Amino acid sequence: AKNGGRNRYSFFERQMDEALRLRKVVEDDLRAAILADELQLHYQPQYKANGEEIVGVEALVRWPHPQHGWISPQQFIAIAEERGLIIPLGEWVLRKACEDAKRWPGLRIAVNVSPIQFRQRDFVSSVMNIIEEADIDPTRVELEVTEGVVMDDADAAEEAMMELRARGVRLALDDFGTGYSSLIYLRRFAFDKIKIDRSFLESMETTGESAILVHSVVHLGRALGLTVTAEGVETSEQHRFLQALGCHELQGYLFSKPVPAHEIDKMLGIAPDE
Ligand code: C2E
Ligand code: CA
Ligand code: CA
Ligand code: CA
């Protein structure tokens, strides 16, 4: 009976062990990985509604761990936030993305920003310094933030956002529709764009309600003068539906997964430099 009991729990225990082991790997190695330039950026193209013309790319961080293989951002961003590592990580991501973006004139470069970065007193000057050092036009840079940004200190967030926009940096509200009071945020804060969360698209084909929601969100965004992007587009049915609704931009596996910078070069017909 003792043995049976142990076996019944062993699967769960193994999963716990796995999660704890991974957490420990991240805690032990992330700081050094950032300093040693071990992280990488992949880029997912963003297309006009026709699905043909690339208008921008979203930078997504990747960590190829020398011993443990690829660790996904879902597994390490939260720990980086807890440990204060999101600040150096976020600066590394923005710097690298701006450098890479110089090879892609005319394309927008979207970078994800954690609420914790946004909360830093010197966030705006840190962003502007990196953009100036890279010597790219600030209007090409788009910061993707979630509702969390405005949750605890709305006044400070509003000020930082106004300042960034005054300097030409664009702001997108990411994962739109997954939070609590998105509509209020849209009215108050200076966003250029909303990104409709892919959870809406996932259920769109099976239930009529989701299709109605997507329809409403696209029209709302357009009515407010915002650019509307749908993320997680996986099927041509979704593409046709979103295009017909008047969604401005699309991103998803149907068009391209996130890929290394040299793959973006190829898509744009840029010859490799070495
Ligand atoms: P996100 O910003 O919502 O990014 C979209 C995620 O959906 C990415 O996952 C992307 O690879 C994935 N995706 C794109 N198209 C499709 C699709 O058609 N189908 C499906 N199923 N998935 C799709 P990824 O790269 O694993 O990133 C996960 C999250 O980690 C991001 O969600 C973002 O919140 C965070 N993250 C990634 N890079 C950074 C970063 O540099 N800084 C910060 N603060 N967060 C980051
Ligand atoms: Ca994003
Ligand atoms: Ca998103
Ligand atoms: Ca997300």
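Basis for what follows: all heavy atoms, side chains included, without hydrogens, waters or symmetry-related copies. Whatever order the structure lists them in is the order used to number ligands and atoms, beginning at 1. Source: prediction; values computed, not measured.
- Between Arg198 and Asp174, none of the side-chain N atoms (NZ, or NE/NH1/NH2) sits under 4.0 Å from a carboxylate O, so this pair counts as no salt bridge.
- Taking every heavy atom of Gly232 and a limit of under 4.0 angstrom, the matching atoms of ligand 1 come to 16 (C), 17 (C), 18 (O).
- The shortest side-chain heavy-atom distance between Val55 and Arg108 falls under the 4.5 Å cut-off.
- Using a cut-off of 4.0 Å between Lys/Arg side-chain N and Asp/Glu carboxylate O, Glu142 and Lys195 are scored as not salt-bridged.
- Judged by the shortest distance from any of its heavy atoms, Gly90 lies outside the 4.0 Å radius around the atoms of ligand 1.
- Classification of the Tyr47-Phe255 ring pair by plane angle, with boundaries at 30° and 60°, yields tilted.
- Each of the following atoms of ligand 1 lies closer than 4.0 Å to a heavy atom of Val233: 18 (O).
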Name the atoms and distances for all side-chain donor-acceptor pairs under 3.5 Å in residues 30-38, with sequence neighbours left out.
{"unit_1": "Asp37", "atom_1": "OD1", "unit_2": "Trp92", "atom_2": "NE1", "d": "2.6"}

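- Residue contact check: Gly252 has heavy atoms under 4.0 Å from atoms 15 (N), 18 (O) of ligand 1.
- The shortest N or O to N or O distance between Gln117 and ligand 1 is not under 3.5 Å.
- Residue-level proximity to ligand 1 for Ile77 is carried by the side chain, the only part with a heavy atom below 4.0 angstrom.
- Taking distance alone, with nitrogen or oxygen atoms compared against 3.5 Å, Arg198 approaches ligand 1 more closely than that limit.
- At a threshold of 4.5 Å between non-hydrogen side-chain atoms, the residues Asn112 and Glu58 count as touching.
- Counted within 6.0 Å of NZ on Lys48, heavy atoms from surrounding residues, nucleotides or ligands total 12 or fewer; the atom is thus considered open.
- When non-hydrogen atoms are compared, ligand 1 lies under 4.0 Å from the side chain of Gln44 (C-beta onward) but not from its backbone.
- Looking at Leu254 next to ligand 1, no N or O pair under 3.5 Å apart turns up.
- Not a single heavy atom of Lys257 sits less than 4.0 Å from an atom of ligand 1.
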Practice item. Dump the intermediate steps for side chain to side chain contact (heavy atoms under 4.5 Å, CB included) on Ile109 and Leu107, then the final yes or no. Key: CA-CA 6 Å; Ile109 179 91; Leu107 284 203; over 6 Å; no
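- A side-chain donor-acceptor contact under 3.5 Å links His248 to the backbone of Val228.
- By the 4.0 Å heavy-atom criterion, Pro258 is counted among the residues contacting ligand 1.
- Take the N/O/S atoms of Glu144: the one nearest the Ca ion (ligand 2) is OE1.
- Counting atoms of ligand 1 from 1 in the listed order, those under 4.0 Å from a heavy atom of Glu234 are 17 (C), 18 (O), 19 (N), 20 (C), 21 (N).
- Among the atoms of Tyr253, some N or O lies under 3.5 angstrom from an N or O of ligand 1.
- Donor-acceptor pairing under 3.5 Å is lacking for the side chains of Glu249 and Gln46.
- At a heavy-atom distance under 4.0 Å, no atom of Leu89 approaches ligand 1.
- Taking the six-membered ring where the residue is Trp, Trp104 and Tyr43 present perpendicular rings, their angle passing 60° and hence far from 30°.
- Residue Asp175 approaches ligand 1 through these ligand atoms, each under 4.0 Å from one of its heavy atoms: 3 (O).
- With respect to the salt-bridge test (charged N to carboxylate O, under 4.0 angstrom), the residues Arg103 and Asp265 qualify.
- With salt bridges taken as basic N to acidic carboxylate O contacts below 4.0 Å, one links Asp28 and Lys24.
- Each of the atoms 2 (O), 4 (O) of ligand 1 lies under 4.0 Å from some heavy atom of Glu58.
- Here the angle centred on the Ca ion (ligand 2), running from OD1 of Asn112 over to OE2 of Glu58, is 90°, rounded to 10°.
- Atom OE2 is the N, O or S atom of Glu231 at the shortest distance from the Ca ion (ligand 3).
- By the criterion of a heavy-atom distance under 4.0 Å, the side chain of Val93, and not its backbone, is placed next to ligand 1.
- Contact annotation: for Arg62 versus ligand 1, heavy atoms closer than 4.0 Å belong to the side chain alone.
- Shown here are the side chain to side chain contact (heavy atoms under 4.5 Å, CB included) partners of Glu99, two or more places apart in sequence or in another chain: Arg95.
- Proximity of Glu81 to ligand 1 is not established, as no heavy-atom distance is less than 4.0 Å.
- Ligand 1 has an N or O atom lying under 3.5 Å from an N or O atom of Asp174, backbone or side chain.
- For Asp174, the nearest N, O or S atom to the Ca ion (ligand 2) falls under 3.0 Å.
- One of the N, O or S atoms belonging to Asp175 lies under 3.0 Å away from the Ca ion (ligand 3).
- Between Phe176 and the options Thr146, Leu186, Leu226, a side chain to side chain contact (heavy atoms under 4.5 Å, CB included) holds for only Leu186.
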